[in-house]
> 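Submitted below is the structure of interest, expressed as structure tokens.
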Amino acid sequence: MTTITLSVQDMHCSACINKVRQALEQESLIEELRFNPVRRQVLIQHEAPLNPKTLIHHLEDAGFHPTLASAPKSTNESRSLLARLGVSGLALMQTMMAQGSLYAGAFSGMEGGYERLLEFTALFFCIPVVCYSAMPFYRRGFGGLSLTATGAGMSMDTPIALAIVIAFLVSLYSTITGHGEVYYDSVAMFTFVMLGSRYLEQRLRTQLLIDDSLLASLPATAKLLARDNGAEAITIPVTDIKSGDWLFIEEGQQLPVDGVLLDQNAVLEEALLSGEAEWSNRHKNDVLYAGTYNRGPGFRLSATTTTGNSRLAEIDHLATTALESKHSIARMADRVAHVFIPSILLIALVTFVVWQAINPDNALTATLAVLIVSCPCALSLATPAALSAAIVRLRGVGVLVKDSRALQSAHHISTVLFDKTGTLTSPVLEIVGWRAVNDYSSQWCIAAASALQKHSSHPLASGFRQGTDLVASAVSTHTGRGLSGTVDGKRIRIGSADFCGFQTDPKDDKAKNVYFSVNGQPAAIFELEETLRPDAAPTVAALQKSGIQVELLSGDRPLSCKRLAAKLAIPFASKQQPEQKYDYLQKLQSETSQKGKALMYVGDGINDIPALAEADLSVATLETSDLVKSKADVVLLTTRLHALLELLAVGSSTNRIMLQNLFWAFAYNLVAIPLAATSILPPWAAALGMSVSSIIVLSNAARILRIPPIVTTDEQETYEPLANTRTI
Amino acid sequence: MEILLLLIPLSALLMGASAYAFLWAVRKRQFEQLERHALDIFDDEPNQSRRSDK
């Protein structure tokens with residue numbers, strides 16, 4: 001029985017899910033179908049002989065465009081963690097019941113063998129905790145040790161595992177021999193609390209974790225043409241495309257490979273590379289890239305690469321390598337462990353030996369007290385607790401932190417790089433000026449243009465979304481040039497200059513000009529410009545006021561960048577391809593890290609992915625694809641850019657509180673260990689002290705939740721998380 | 001206090017049953033996608049999101 005997950009991005013409602021189900025139900029070999037409407041994926045469990053290509057064909061016949069998706073990897077791990085957590089919780093309750101009775105009867109004494117009975121009961125209920133629930137700690141705590149234990153294999157889990165095992169063994173010994181204290185409740189509670197924090201951490205980390213490469217969004221099949229042009233096009237899987245093949249790219253289709261244009265003209269959307277949604281005209285023999293969209297009529301392409309070595313694959317590789325190295329940075333806590341743990345074990349050993357010499361009866365209890373008290377419960381909780389609180393606090397103001405490690409860079413950001421289109425600007429263009437030529441009134445021109453543009457999905461049409469009573473009829477699209485139609489009995493055209501009969505200077509860089517003609521006569525010129533998001537300027541100003549250097553890094557033309565950068569008073573770099581953004585960011589980042597600072601990058605497009613992967617702290621905006629969101633450390637759930645200010649402010653507070661926690665945890669250990677070693681502190685007091693210090697650390701972390709919102713706006717807005725970013 | 005001799009094994013039984021039920025729920029993925037199943041009310045037929053084998 002095999003499982004395959006298909007990503008069907010156009011499955012956006014339950015009616016679509018029904019259609020997909022009906023399309024797949026024809027296949028008798030399918031055992032189970034499971035749908036995830038949030039991720040738009042369908043998980044199919046089927047008998048082995050079924051070929052995934054058949055499934056893809058069924059869905060394509062039904063009108064969908066499925067691609068292979070990788071199932072979330074960590075599900076099994078988090079499920080097993082949850083199972084262990086639940087079992088330890090149940091066992092803890094029963095153990096406490098028995099041990100609580102022992103506490104109750106401790107001073108007044110118990111009759112008969114009831115004390116023994118209750119001890120054995122506690123022992124019995126503690127066994128599942130020690131043998132099953134605590135396994136992850138044994139694996140990570142003892143697993144890395146070699147015979148020549150140099151401390152290298154130790155992690156923060158080592159003392160945890162040791163404390164659990166030793167406390168249990170000591171209690172076992174006491175139970176069997178009939179005298180001495182038992183600590184089963186400490187063992188169970190400790191395991192439960194540590195498992196709980198580990199589970200929460202894990203869940204936070206696997207939210208929105210999509211491991212898809214950029215290639216996963218490409219179409220699954222392509223049309224192959226025979227070289228001699230005689231035969232019909234045949235459909236082949238994209239993985240079979242070889243360099244030199246001739247392909248037919250249909251209108252609206254994504255290019256599966258890099259190639260050379262064989263036909264005279266083509267209209268492409270190359271947002272993948274430039275971040276601009278504008279359509280560009282390409283000519284014969286131009287190089288076209290995988291991942292870009294064909295927005296014009298179908299054309300022939302001569303493949304120069306396979307999907308695997310296309311430029312898209314290289315960009316993806318750049319991002320994946322950056323992400324991998326980001327995630328492998330050794331956790332600070334583990335580095336501390338390498339020094340801390342062996343020292344603790346040494347102290348425990350010395351305690352045991354010394355007490356053996358002085359008073360052998362006390363040796364075991366003193367050693368146990370040392371181990372329990374030195375157990376880095378508070379230390380292990382210090383950082384995760386603060387980070388978890390910060391994540392919850394930020395979620396409330398519309399900032400979703402996917403990687404808590406990135407949050408640790410937030411307190412010492414010295415530079416912020418912004419992408420332009422879609423990040424600082426909103427996706428809608430606006431008309432900033434118009435010139436009426438001849439006698440037509442601009443009002444009428446705009447209204448007529450709006451009526452016509454309703455039929456257009458061209459990005460430049462977004463500026464004409466005015467409501468109007470005029471209706472355009474006989475609308476036809478002339479790709480690459482414009483639209484024509486009839487409004488109010490007049491024939492109108494809107495689009496490029498020569499389409500509307502204007503003479504223009506080709507050196508004019510005003511590509512965002514839209515021309516309008518009525519009955520064949522030039523009528524108006526509209527100047528469109530991108531709008532800055534309303535809070536872009538205040539946000540950039542606030543960043544600059546706190547001493548942060550802000551820069552613009554864009555794939556757009558120099559003139560557009562210059563205009564915008566001037567409005568915000570920041571330096572800019574234009575016409576940056578994805579690889580160039582990555583290189584520039586990497587260079588700047590190594591400079592900032594030498595000064596002990598970090599860099600933040602805010603972007604929204606697929607062309608930002610390598611930069612997002614490489615930046616110390618990367619933020620994806622709201623209106624962007626899931627793929628981009630999956631490569632960033634932080635995702636905004638609001639369109640308000642001042643959420644970035646919240647991110648940085650909460651980041652600083654969190655860092656402060658983390659340091660407080662660490663300081664407290666260390667101080668507590670420093671004071672309590674000598675007390676335990678000299679037997680002033682008995683093991684039960686040590687366990688109590690450990691719990692109290694953990695509570696202090698957690699309460700301190702909870703203070704983060706009470707940080708008031710940094711930015712107060714006149715209108716109180718509540719941030720509603722949108723459906724497609726709901727946690728799964 | 002002899003009743004303890006009955007109560008303790010009884011609680012052991014109870015814990016065993018709860019542990020089994022919990023582990024069953026985890027294995028059947030009951031704890032995943034806690035929010036998305038709220039969307040089930042929009043399906044036309046009940047239990048459409050899972051089709052188990054006959």
Side-chain angles (χ1 to χ4, degrees), chain A residues 1 13-15 17-18 21 24-25 30-39 42-45 47 72 75 78-95 97-98 101 105 110-114 117-118 120-122 124-125 128 132 199 203 206 721 723 726-728, chain B:
Chain A
M1 181 102 103
C13 62
S14 39
I17 294 182
N18 265 333
R21 181 181 301 115
L24 293 175
E25 269 173 3
I30 291 183
E31 286 292 313
E32 192 173 335
L33 286 176
R34 230 176 272 143
F35 290 92
N36 186 335
V38 179
R39 286 231 199 110
V42 51
L43 186 124
I44 305 164
Q45 272 188 321
E47 302 283 339
T75 318
S78 70
R79 271 194 309 158
S80 106
L81 210 53
L82 180 60
R84 289 176 213 274
L85 177 65
V87 165
S88 73
L90 290 169
L92 168 65
M93 290 191 270
Q94 302 296 353
T95 311
M97 177 193 71
S101 320
M110 274 196 215
E111 49 173 67
Y114 285 111
L117 176 64
L118 287 170
F120 273 101
T121 309
F124 173 73
F125 285 121
Y132 171 65
Y199 176 68
R203 269 198 70 120
T206 57
R726 209 174 358 204
T727 59
I728 303 166
Chain B
M1 274 307 226
E2 299 81 19
I3 193 70
L4 278 182
L5 292 173
L6 172 66
L7 290 178
I8 291 178
L10 206 61
S11 66
L13 229 71
L14 207 61
M15 192 194 119
S18 350
Y20 177 74
F22 179 78
L23 289 175
W24 173 89
V26 171
R27 212 170 358 110
K28 288 293 185 182
R29 302 170 187 260
Q30 295 289 336
F31 293 107
E32 289 170 27
Q33 298 189 42
L34 292 172
E35 285 154 34
R36 112 138 188 76
H37 279 291
L39 301 175
D40 278 353
I41 61 170
F42 295 115
D43 285 344
D44 289 327
E45 312 251 333
N47 285 329
Q48 265 188 339
S49 60
R50 299 170 64 85
R51 202 195 80 174
S52 46
D53 65 81
K54 321 171 213 7

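In what follows, every heavy atom counts, from backbone to side chain, and hydrogens, waters and symmetry copies are set aside. So you know, we letter chains A, B, ... as the sequences are listed, proteins then strands, and number each from 1.
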> For A:A98, is it the side chain, the backbone, both, or neither that has a heavy atom closer than 4.5 Å to a heavy atom of chain B?
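A:A98 has no heavy atom closer than 4.5 Å to chain B.
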> Would you give the length of the straight line joining atom CE of A:M97 to atom CD1 of B:I8, rounded to the nearest 0.5 angstrom?
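Here the interatomic distance stands at 6.0 Å.
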> Please rank A:S101, A:A91, A:P128 by heavy-atom pairs under 4.5 Å with chain B and give me the top one.
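Option with the top pair count is A:A91.
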> Considering non-hydrogen atoms only, spot the tightest contact between B:E2 and A:Y114 and give its length.
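Distance-wise, the nearest heavy atoms are N-OH, 3.4 Å.
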> At a heavy-atom separation under 4.5 Å, does B:A25 approach chain A through its side chain, its backbone, both, or neither?
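No part of it gets close to chain A.
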> Is it the case that over 12 heavy atoms from other parts of the model lie below 6.0 angstrom from the CZ atom of A:F124?
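At most 12 heavy atoms, drawn from other residues, nucleotides or ligands, come within 6.0 Å of this atom.
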> Might you point out which heavy atoms bring A:L90 and B:S18 nearest each other, and give the distance in Å?
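Shortest heavy-atom separation between A:L90 and B:S18 comes out as CD1-C, 3.8 Å.
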> Which atoms of A:Y132 are under 4.5 Å from chain B, going by heavy atoms: the side chain, the backbone, both sets, or neither?
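Side chain of A:Y132 only, per the 4.5 Å heavy-atom cut-off to chain B.
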> Which atom names give the shortest non-hydrogen contact between A:R79 and B:R27, and what distance separates them?
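Result for this residue pair: NH1-O, 3.2 Å.
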> Which heavy atom of A:F125 sits nearest a heavy atom of B:S11, and at what distance?
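In this case the closest contact between A:F125 and B:S11 is CZ-OG, 3.9 Å.
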> Quick one: does B:F22's side chain get under 4.5 Å of A:L82's, heavy atoms only?
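The answer is yes; the side chains approach within 4.5 Å.
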